[in-house]
Visitor: 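Starting off with a structure, shown below.
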Amino acid sequence: GAVVSQHPSRVICKSGTSVKIECRSLDFQATTMFWYRQFPKQSLMLMATSNEGSKATYEQGVEKDKFLINHASLTLSTLTVTSAHPEDSSFYICSAIARTSYEQYFGPGTRLTVT
Amino acid sequence: QQPVQSPQAVILREGEDAVINCSSSKALYSVHWYRQKHGEAPVFLMILLKGGEQKGHDKISASFNEKKQQSSLYLTASQLSYSGTYFCGTETLTTDSWGKFQFGAGTQVVVTP
């Protein structure tokens, strides 16, 4: 099946620093990628929709200046958490929709801990 | 708007059956089902696109009732590997929401020996 990778899988950073998370579709092209955040024992919450070559669309309540998304190619989207704070600690998951099918594939997630 | 899943949790003995329901207040274009193990990303199980459609994946099947705006996931003869949290993701019938999913709160399934 299609594979989506995320890097890093786990990151611990100090408050005030920025963290970049990469999401790659390894064996397919994805015109659309999604970024989700999941707090412990909660459901996935969509943060933004990332389309290749255009600006990301953010969900209500998600600060676009804090969560910078860049979809540089059909296989790579990045999420940068700027000036991270402890409340940004969460599990960040990306997903990608393959151009040739309708299935959505999830990355393995990145666990961010801000101290 | 987030779909409503029920039950919140279910404990089964190996071999027993269970049904998880997912309902929406909006007209649906598709329903996706995922299973998530603790600390891992969700794994896609199946997608249902048409009203009345049914699909199967091993002994896990699902139905989609378009009129009732709901879907049900059936776990038949459950195995230990079925343990996890099951999420439904729904896509509504608006052009600007293509591919955007709202996930239910999840149903925790525990299968015991």
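Every chain is numbered from 1 and lettered A, B, ... according to where its sequence line falls, protein lines coming before strand lines.
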Visitor: Should we say atom NZ of B/Lys26 is surrounded by more than 12 heavy atoms from elsewhere, each under 6.0 Å from it?
Guide: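 For B/Lys26, atom NZ is not crowded (no more than 12 foreign heavy atoms under 6.0 Å).
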Visitor: Report the relative orientation of the aromatic rings in A/Tyr36 and B/Phe103; use parallel for angles under 30°, tilted for 30 to 60°, perpendicular for over 60°.
Guide: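 It falls in the perpendicular class, over 60°.
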Visitor: Is there a continuous path of hydrophobic side-chain contacts, each under 4.5 Å between heavy atoms, that joins A/Val81 to A/Met45?
Guide: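 No, A/Val81 and A/Met45 fall in different hydrophobic clusters.
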Visitor: Between A/Phe67 and A/Val19, is there a shared hydrophobic cluster once you connect ILVMFWY residues whose side-chain heavy atoms come closer than 4.5 Å?
Guide: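 Same hydrophobic cluster.
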Visitor: Verify the cluster assignment for A/Leu112 and A/Val62: are they in a single hydrophobic cluster under the rule of side-chain heavy atoms below 4.5 Å apart?
Guide: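 Cluster IDs for A/Leu112 and A/Val62 match.
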Visitor: Pick one of side chain, backbone, both or neither for B/Gln36, based on which atoms fall under 4.5 Å of a heavy atom in chain A.
Guide: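 When you check distances to chain A, only side chain atoms of B/Gln36 fall under 4.5 Å.
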Visitor: Inspect the surroundings of NZ in B/Lys37 and state if more than 12 heavy atoms from other residues, nucleotides or ligands are less than 6.0 Å away.
Guide: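 Correct, the count exceeds 12.
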Visitor: Answer with yes or no whether the hydrophobic clustering places A/Ile93 together with B/Tyr34; edges join I, L, V, M, F, W, Y residues whose side-chain heavy atoms lie under 4.5 Å apart.
Guide: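 Yes, because A/Ile93 and B/Tyr34 connect within a single hydrophobic cluster, where side-chain heavy atoms sit under 4.5 Å apart.
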Visitor: Closest approach of A/Gln42 and B/Phe87, non-hydrogen atoms and distance?
Guide: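 Looks like O-CZ, 4.2 Å.
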Visitor: Chain B heavy atoms under 4.5 Å from A/Gln38: which part of the residue, side chain, backbone, both or neither?
Guide: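 Answer is side chain: those atoms of A/Gln38 sit under 4.5 Å from chain B.
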Visitor: Can you pull out the residues in residues 11-19 of chain B with any heavy atom less than 4.5 Å from chain A?
Guide: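 Contacts with chain A: none.
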Visitor: Kindly state each residue pair satisfying disulfide (SG to SG under 2.5 Å) with at least one member in residues 20-61 of chain A, sequence neighbours excluded.
Guide: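 Every disulfide (SG to SG under 2.5 Å) pair that includes a residue of residues 20-61 of chain A, provided the two are not neighbours, is A/Cys23-A/Cys94.
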Visitor: How far does CZ of A/Phe106 sit from CZ of B/Phe44, to the nearest 0.5 angstrom?
Guide: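 Nearest 0.5 Å value for the CZ-CZ distance: 10.0 Å.
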Visitor: Looking at B/Gln8, I want to see if its CD is surrounded by more than 12 non-hydrogen atoms of other residues, nucleotides or ligands under 6.0 Å.
Guide: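 Counting other residues, nucleotides and ligands, CD of B/Gln8 stays at 12 neighbours or fewer.
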Visitor: For B/Gln2, is it the side chain, the backbone, both, or neither that has a heavy atom closer than 4.5 Å to a heavy atom of chain A?
Guide: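 The side chain, not the backbone.
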Visitor: Counting only heavy atoms from other residues, nucleotides and ligands, does the tally under 6.0 Å from CD of B/Gln108 exceed 12?
Guide: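 No - once you tally the heavy atoms of other residues, nucleotides and ligands closer than 6.0 Å, there are 12 at most.
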Visitor: Of all the heavy-atom pairs spanning A/Gly107 and B/Ala41, show the shortest one and how long it is.
Guide: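 Between these two residues, the closest heavy atoms are O-CB, 2.7 Å.
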Visitor: Looking at B/Gly89, B/Pro42, B/Gly106, B/Gly104, which one has more heavy-atom pairs under 4.5 Å with chain A than the rest?
Guide: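 Of B/Gly89, B/Pro42, B/Gly106, B/Gly104, B/Pro42 has the most heavy-atom pairs under 4.5 Å with chain A.
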Visitor: Once you round to the nearest 0.5 Å, how far does OG of A/Ser43 lie from CD of B/Gln5?
Guide: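 So the OG of A/Ser43 and the CD of B/Gln5 are separated by 7.0 Å.
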Visitor: Any chain of hydrophobic side-chain contacts (each under 4.5 Å) joining A/Tyr92 to A/Met33?
Guide: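 In one cluster with A/Tyr92: A/Met33, no.
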Visitor: How about NE2 on A/His85, more than 12 heavy atoms from neighbouring residues, nucleotides or ligands closer than 6.0 Å, or not?
Guide: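 Yes - once you tally the heavy atoms of other residues, nucleotides and ligands closer than 6.0 Å, there are more than 12.
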Visitor: Heavy-atom distance under 4.5 Å to chain B: side chain of A/Leu44, backbone, both or neither?
Guide: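 For A/Leu44, the contact with chain B is made by backbone and side chain together.
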